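As the structure is a prediction and not an experimental result, all values here were calculated from the model. Computed over heavy atoms, backbone and side chain alike; hydrogens, waters and symmetry mates excluded.
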Amino acid sequence: MKEQLNLVKEWDKTFLKSDKVNHKKVTFHNRYGITLVADMYEPINYDGKLPAIAVCGPFGAVKEQCSGLYAQTMAERGFLSIAFDPSFTGESLGTPRYMASPDINTEDFQAAIDFLSIQDNVDSKKIGIIGICGWGGLALNAASLDTRIKAIVTSTMYDMSRVNANGYFDEFANEDARYETKKSLNAQRIIDYKNNTYELAGGCLELPVPKEAPFYVKDYSEYYKKRAYHKRSLNSNGGWNKIGCMSFINQPILSFSNEIRSSVLMIHGEKAHSCYFSKDAYNNMIRDNKYKDNKELLIIPNAVHTDLYDNLEVIPFNKIEEFFKEAFK
């Protein structure tokens with residue numbers, strides 16, 4: 001069955017449109033032949049070739065949510081930026097829908113670099129990426145593989161391999177627990193195959209979230225179900241397929257992060273439940289790294305996980321702008 005693009009023409013973002021940038025939809029393909037859809041933002045006034053940034057995340061979000069906010073804001077600051085939907089999600093193609101892959105999703109970032117590198121108004125030697133939440137870990141994985149990426153920002157990062165293999169806070173970081181997880185997922189595969197469909201795992205909890213739920217669960221629902229709800233967002237609706245993230249369990253994505261030579265800025269909220277991902281990933285990245293002087297971990301006081309999704313008083317865009325400009329010199 002041949003897939004068909006169905007691009008929305010109206011502005012359907014969860015943030016206001018800026019009058020300082022031009023916006024248009026663009027498409028490009030990855031090396032698996034999957035067509036990806038992105039929103040391109042470029043400054044209205046500029047001279048010469050622009051530095052460029054590709055943005056993606058969070059994991060289970062769409063480009064109409066916070067990745068688009070980041071891209072538009074960076075365009076206001078003089079960068080040509082794209083926010084793209086990963087393979088199998090949003091307006092991008094790829095079947096079956098709502099699957100994730102350490103390989104393919106890393107390739108999505110590399111395909112974005114391919115696309116940006118051949119734009120007439122882009123300086124191909126000044127291309128960076130921003131990965132938010134689960135796409136922060138994938139951004140580091142892409143950077144450890146793709147030497148064209150000159151600067152990387154991760155924001156409120158998740159290590160998707162670690163959380164799928166060990167659970168939150170490494171609560172199930174043992175062989176027996178992983179065996180039970182894999183046993184359940186493989187049983188689900190039989191059910192899906194028999195029914196010729198894929199059961200969804202469910203997105204964020206509907207509001208109001210039960211009082212006994214952890215704060216981060218409430219935090220996610222406030223963002224995805226309320227202030228940034230979007231009809232194409234997995235987290236806002238039915239979620240990933242139950243087996244959608246299975247391959248992350250035994251495919252670590254940060255194995256060679258300590259070989260990244262490009263500049264890296266990792267940003268996380270002090271009070272985010274997920275802060276341990278960035279702290280540990282940063283320490284692993286600089287351990288035995290010959291190029292550690294251009295790496296930085298920035299912890300934002302009192303910030304929670306989704307503050308770095310859309311809180312313009314918390315997201316350090318001045319710092320991000322300065323970081324990219326310095327890295328691109």
Side-chain angles (χ1 to χ4, degrees), residues 1 3 30 32-34 56-62 85-90 92-108 133-138 141 157-207 209-210 212-214 216-221 224-225 230-255 273-274 276-277 280-281 305:
M1 180 182 295
E3 298 179 88
N30 65 22
Y32 295 102
I34 299 172
C56 195
F59 203 80
V62 287
D85 285 326
S87 296
F88 314 114
T89 68
S92 291
L93 301 185
T95 57
R97 304 300 289 168
Y98 313 141
M99 288 293 183
S101 162
D103 181 19
I104 296 175
N105 294 148
T106 298
E107 163 63 20
D108 289 342
C133 190
W135 281 84
L138 288 162
N141 196 44
M157 188 207 88
Y158 260 55
D159 178 344
M160 295 305 299
S161 293
R162 181 176 177 179
V163 75
N164 277 283
N166 298 339
Y168 279 105
F169 316 113
D170 298 326
E171 183 179 359
F172 304 111
N174 62 79
E175 179 184 348
D176 288 341
R178 272 190 293 276
Y179 181 84
E180 291 303 319
T181 297
K182 290 182 282 188
K183 184 178 178 181
S184 175
L185 289 170
N186 284 303
Q188 184 64 46
R189 290 180 66 104
I190 299 298
I191 295 171
D192 290 345
Y193 194 85
K194 183 184 297 184
N195 294 333
N196 196 31
T197 188
Y198 292 92
E199 289 186 24
L200 298 180
C204 295
L205 295 183
E206 296 292 341
L207 296 172
V209 175
E212 63 272 16
Y216 70 89
V217 173
K218 299 175 183 176
D219 190 32
Y220 280 136
S221 290
Y224 285 107
K225 293 293 189 178
H230 198 279
K231 64 181 180 180
R232 289 192 297 278
S233 168
L234 283 69
N235 294 339
S236 293
N237 297 284
W240 294 95
N241 292 330
K242 287 184 176 180
I243 64 168
C245 298
M246 185 177 183
S247 59
F248 278 99
I249 292 175
N250 66 342
Q251 296 185 36
I253 58 175
L254 301 181
S255 298
H273 69 284
S274 51
Y276 70 101
F277 288 126
D280 290 353
H305 187 86

Counting only N and O atoms by type, is there a donor-acceptor contact under 3.5 Å from the side chain of [X] to the main-chain atoms of [Y]?
X    : Y    : answer
D108 : S87  : yes
N241 : I243 : no
T106 : P102 : yes
K242 : L200 : no
N164 : M246 : no
E3   : G94  : yes
S161 : I253 : yes
N174 : D176 : yes
T181 : A177 : yes

Distance from [X] atom [atom1] to [Y] atom [atom2], nearest 0.5 Å?
X    : Y    : atom1 : atom2 : answer
L254 : L138 : CG    : CG    : 8.5 Å
F88  : I104 : CZ    : CD1   : 4.0 Å
D103 : Q251 : CG    : CD    : 7.5 Å
N141 : M160 : CG    : CE    : 13.0 Å

> Is it the case that N235 and Y224 place a side-chain donor and acceptor less than 3.5 Å from each other?
Replying inline: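 N235 vs Y224: donor-acceptor pair found between side chains.
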>> Tell me if the CZ atom of F172 is crowded by more than 12 foreign heavy atoms within 6.0 Å.
In response: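 No, the 6.0 Å shell around CZ holds no more than 12 heavy atoms from other groups.
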> Between Y158 and S274, what is the shortest heavy-atom contact and its length?
Replying inline: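 The answer is CE1-CB, 3.5 Å.
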> Can you name the closest pair of heavy atoms from N237 and K231 and give their distance?
Replying inline: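 Minimum heavy-atom contact is ND2-O, 3.1 Å.
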Compare all side-chain heavy atoms of [X] with those of [Y] and state whether any distance is below 4.5 angstrom.
X    : Y    : answer
H273 : D219 : no
V163 : F248 : no
V209 : C204 : no

> Is the distance between the ring centroids of F277 and H305 under 6.0 Å?
Replying inline: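 Not under 6.0 Å, so no.
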> Hey, what's the ring geometry for Y276 with F169, parallel, tilted or perpendicular (30° and 60° as the breaks)?
Replying inline: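 The rings of Y276 and F169 sit tilted, inter-plane angle from 30° to 60°.
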>> Show, in sequence, the C-alpha distance, side-chain angles and deciding distance for N166 and R178, and conclude whether the side-chain hydrogen bond (donor to acceptor under 3.5 Å, both in side chains) test is met.
In response: CA-CA 7 Å; N166 298 339; R178 272 190 293 276; 2.8 Å; yes
